[in-house]
K.L.:
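This is the structure, below, for whatever I ask next.
Proteins get letters first, then strands, A, B, ... in listed order; numbering begins at 1 in each.
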Protein chains: 2
Amino acid sequence: MIPKKDGHPHGHETLRARGFRLTEPRRLILDVVRATDVHPTAAFVYRRVRKKLPRVSLATVYRNLRMLAAEGFLAERADAAGMRFDGNTLPHDHFTCLACGRLYDVPARADRAVRARVATRTGFEILNHRAEFYGRCGACRRQTGRSPVKGQRRS
Amino acid sequence: MIPKKDGHPHGHETLRARGFRLTEPRRLILDVVRATDVHPTAAFVYRRVRKKLPRVSLATVYRNLRMLAAEGFLAERADAAGMRFDGNTLPHDHFTCLACGRLYDVPARADRAVRARVATRTGFEILNHRAEFYGRCGACRRQTGRSPVKGQRRS
DNA sequence: TCCTTTTTAGGAATCATTCTCAACAAGGCC
DNA sequence: GGCCTTGTTGAGAATGATTCCTAAAAAGGA
Ligand SMILES: [Mn+2]
Ligand SMILES: [Mn+2]
Ligand SMILES: [Zn+2]
Ligand SMILES: [Zn+2]
C-alpha cells in the first residue's frame, strides 16, 4: 500500500486525531513556533508565516496560536512585554537575561520538595507552578560593563 | 520646637528623603495599594482614589504607580490579566487559585538552594527570581464541585 | 453535486497603557 | 509680594496588542 502522500513530519497527525484539521495556516504557525527558541510573540509568528503564505491574516495567527495552546500543542506565557508562545511543551523553567533581554529555557526543575512545602504551609492544593529567574547570561557576564538595562521590549 | 504639622503615618517621609514630593494624589495612591491585599490593577486604584479625590486623572494614577514601583515603594507584577501592584515589598511568592481566581501571598521562600543549583547548571548569574503556584485554595477545596474555571479577568 | 460545518481574511472594535501639553503648584530668591 | 525654575497634574488624544465581526471560501460528507 502506498503511504499517504501528505504525511508530515513532527506529530502533526495528532492534530487530526484530536479533531483538528491541519490547514495550511495552522501547519505553518505550528512549525514557526516549534522551529525557534525565542518564545515568539504573535507578531513574530505572523511575520514568519507571511513569508510562506503572504495572505494570512493576523487574526488567523492569534486565533490558531490560542487554539493550539489550549489543546496543548504549544505553551502560552505572559510577561510584562505581552503574550509569548513556547514550542517546548515539556515542563521547564525560564531565565531572562537583564542585560541582553534574551529568554532562555532552564531544563532543570526542582519542584517536588518546594511544592510540597508550600502546600503543607498554606493548605493550598498545588497543581502547577512557574519559576522565572533573572540575572545575566554567560555571554553578558563576559562583556564587562554590560549591566542591566531598563525597558526590554518585544521580539 | 514644634513638630512639622504634616507628619504622616507609614514611611511617607522617605518619599521626600528620596527627592519626591508627597502630593495628595501620591499619598492616596500609595495608601490604597498598601491598604489591600488584592494586588490591585491601576483601574482599581483609580476607583478608590477617586472617592477621596474625584478629580484625579487615570494618567496620574498610572504615572505614579509606575514611579512608586520604580523607586521601590511598591512592587509591580505582570500576569496574563495585565499589570498589578503589590504593597508588600518583602520578597514573597504567590499562589493563584484556579477556582476562585484569588491571588494569595506565599510568605515562605525556598530560594537559596534552587538558585544556586540553576546557577551552577547554566552558568547564569542569578540576581532575582519569581515563583508562582497554581491550584485550589483552602476555601475552594472545601466546596466540592468547584473545579478550575477558564477566563479569569481583572479586579 | 448539494448541504452543512469550519476556517479564513480583512477590517473594525476594544481596552489597557502611555503620551502630549497647557495650566497649575511649590520653592527659592530678590 | 513679584519673578523664575522645576515638578506635577488633568484631560483627552494616541498607541498598540488583542479580540471581535462577518461575508466569503474551503472542506467534508452523503
Ligand atoms: Mn520555554
Ligand atoms: Mn504579593
Ligand atoms: Zn545576556
Ligand atoms: Zn479559591
Side-chain angles (χ1 to χ4, degrees), chain A residues 4-6 12 15-30 39-47 49-71 73-74 76-85 150-155, chain B residues 4-6 12 15-30 39-47 49-71 73-74 76-85 150-155:
Chain A
K4 286 204 178 75
K5 58 169 178 275
D6 60 347
H12 283 159
L15 284 175
R16 310 225 42 188
R18 294 207 201 187
F20 273 109
R21 288 185 198 160
L22 183 58
T23 62
E24 189 73 357
R26 275 176 196 161
R27 185 170 61 75
L28 293 170
I29 289 165
L30 191 50
H39 302 84
T41 61
F44 178 99
V45 175
Y46 177 56
R47 268 180 261 123
V49 171
R50 267 214 293 189
K51 289 179 182 169
K52 298 260 175 100
L53 192 67
R55 302 199 49 101
V56 76
S57 156
L58 182 56
T60 297
V61 172
Y62 271 103
R63 184 172 359 101
N64 288 303
L65 282 171
R66 234 189 306 127
M67 182 172 282
L68 291 166
E71 295 296 326
F73 297 105
L74 299 176
E76 204 169 352
R77 353 179 328 110
D79 62 19
M83 204 173 9
R84 285 163 175 277
F85 299 87
K150 274 263 170 172
Q152 307 289 352
R153 289 285 132 174
R154 9 199 68 261
S155 67
Chain B
K4 286 203 178 77
K5 60 170 179 275
D6 61 347
H12 283 158
L15 284 175
R16 308 225 44 187
R18 294 207 200 187
F20 273 108
R21 285 184 200 163
L22 182 58
T23 61
E24 190 72 357
R26 276 176 198 163
R27 184 170 61 74
L28 293 170
I29 290 166
L30 191 50
H39 303 83
T41 61
F44 177 99
V45 175
Y46 176 58
R47 269 181 260 124
V49 170
R50 267 215 291 191
K51 290 180 182 168
K52 297 260 175 102
L53 193 67
R55 303 199 48 99
V56 76
S57 157
L58 182 56
T60 298
V61 172
Y62 271 103
R63 183 170 358 103
N64 288 305
L65 282 171
R66 232 187 309 128
M67 183 173 279
L68 291 165
E71 296 295 325
F73 296 105
L74 300 175
E76 204 168 351
R77 348 178 335 107
D79 63 19
M83 203 173 9
R84 285 162 176 276
F85 298 87
K150 274 263 169 172
Q152 306 289 351
R153 287 286 130 173
R154 8 202 66 260
S155 66

K.L.:
Give a yes or no answer on whether the side chain of R26(A) reaches the backbone of R21(A) with a donor-acceptor pair at less than 3.5 Å.
P.N.:
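Yes.
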K.L.:
How would you label the contact of T60(A) with the nucleic acid (heavy atoms, under 4.0 Å): base, sugar-phosphate, or nothing?
P.N.:
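Result for T60(A) = base.
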K.L.:
May I have the list of side-chain donor-acceptor pairs in residues 50-59 of chain A shorter than 3.5 Å, sequence neighbours left out?
P.N.:
unit_1	atom_1	unit_2	atom_2	d
R50(A)	NH1	Y46(A)	OH	3.4
S57(A)	OG	A59(A)	N	3.0

K.L.:
Do you know the tightest heavy-atom contact between T60(A) and I29(A)?
P.N.:
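Looking at all heavy atoms of both residues, the shortest contact is O-CD1, 4.0 Å.
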K.L.:
Any side-chain N or O of T41(A) less than 4.0 Å from the OP1 or OP2 oxygen of dA17(D)?
P.N.:
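Indeed not, no polar side-chain atom of T41(A) lies that close.
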K.L.:
Measure from the side chain of R26(B), starting at C-beta and using heavy atoms only, and say which of dT9(D), dG10(D), dC20(D) lies closest.
P.N.:
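It is dT9(D).
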K.L.:
Examine dA25(C): is either OP1 or OP2 under 4.0 Å from a nitrogen or oxygen in the side chain of T23(B)? Give yes or no.
P.N.:
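T23(B) to dA25(C) OP1/OP2: no side-chain N or O under 4.0 Å.
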K.L.:
Report yes if a side-chain nitrogen or oxygen of R63(B) is closer than 4.0 Å to either non-bridging phosphate oxygen (OP1 or OP2) of dG10(D); otherwise report no.
P.N.:
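No.
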K.L.:
Indicate whether OP1 or OP2 belonging to dA25(C) is found under 4.0 Å from a side-chain N or O atom of R21(B).
P.N.:
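It does not, given that no N or O in the side chain of R21(B) lies less than 4.0 Å from OP1 or OP2 of dA25(C).
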K.L.:
Side-chain contact, heavy-atom cut-off 4.5 Å: R84(A) with E76(A)?
P.N.:
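In short, these two side chains do not touch, never coming nearer than 4.5 Å.
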K.L.:
Report yes if at least one side-chain N or O of Y62(A) is closer than 4.0 Å to OP1 or OP2 of dT19(D); otherwise report no.
P.N.:
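The answer is no; no side-chain N or O of Y62(A) sits under 4.0 Å from OP1 or OP2.
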K.L.:
Please classify the nucleic acid contact of R66(A) as base, sugar-phosphate, or nothing, using heavy-atom distances under 4.0 Å.
P.N.:
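It contacts sugar-phosphate atoms only.
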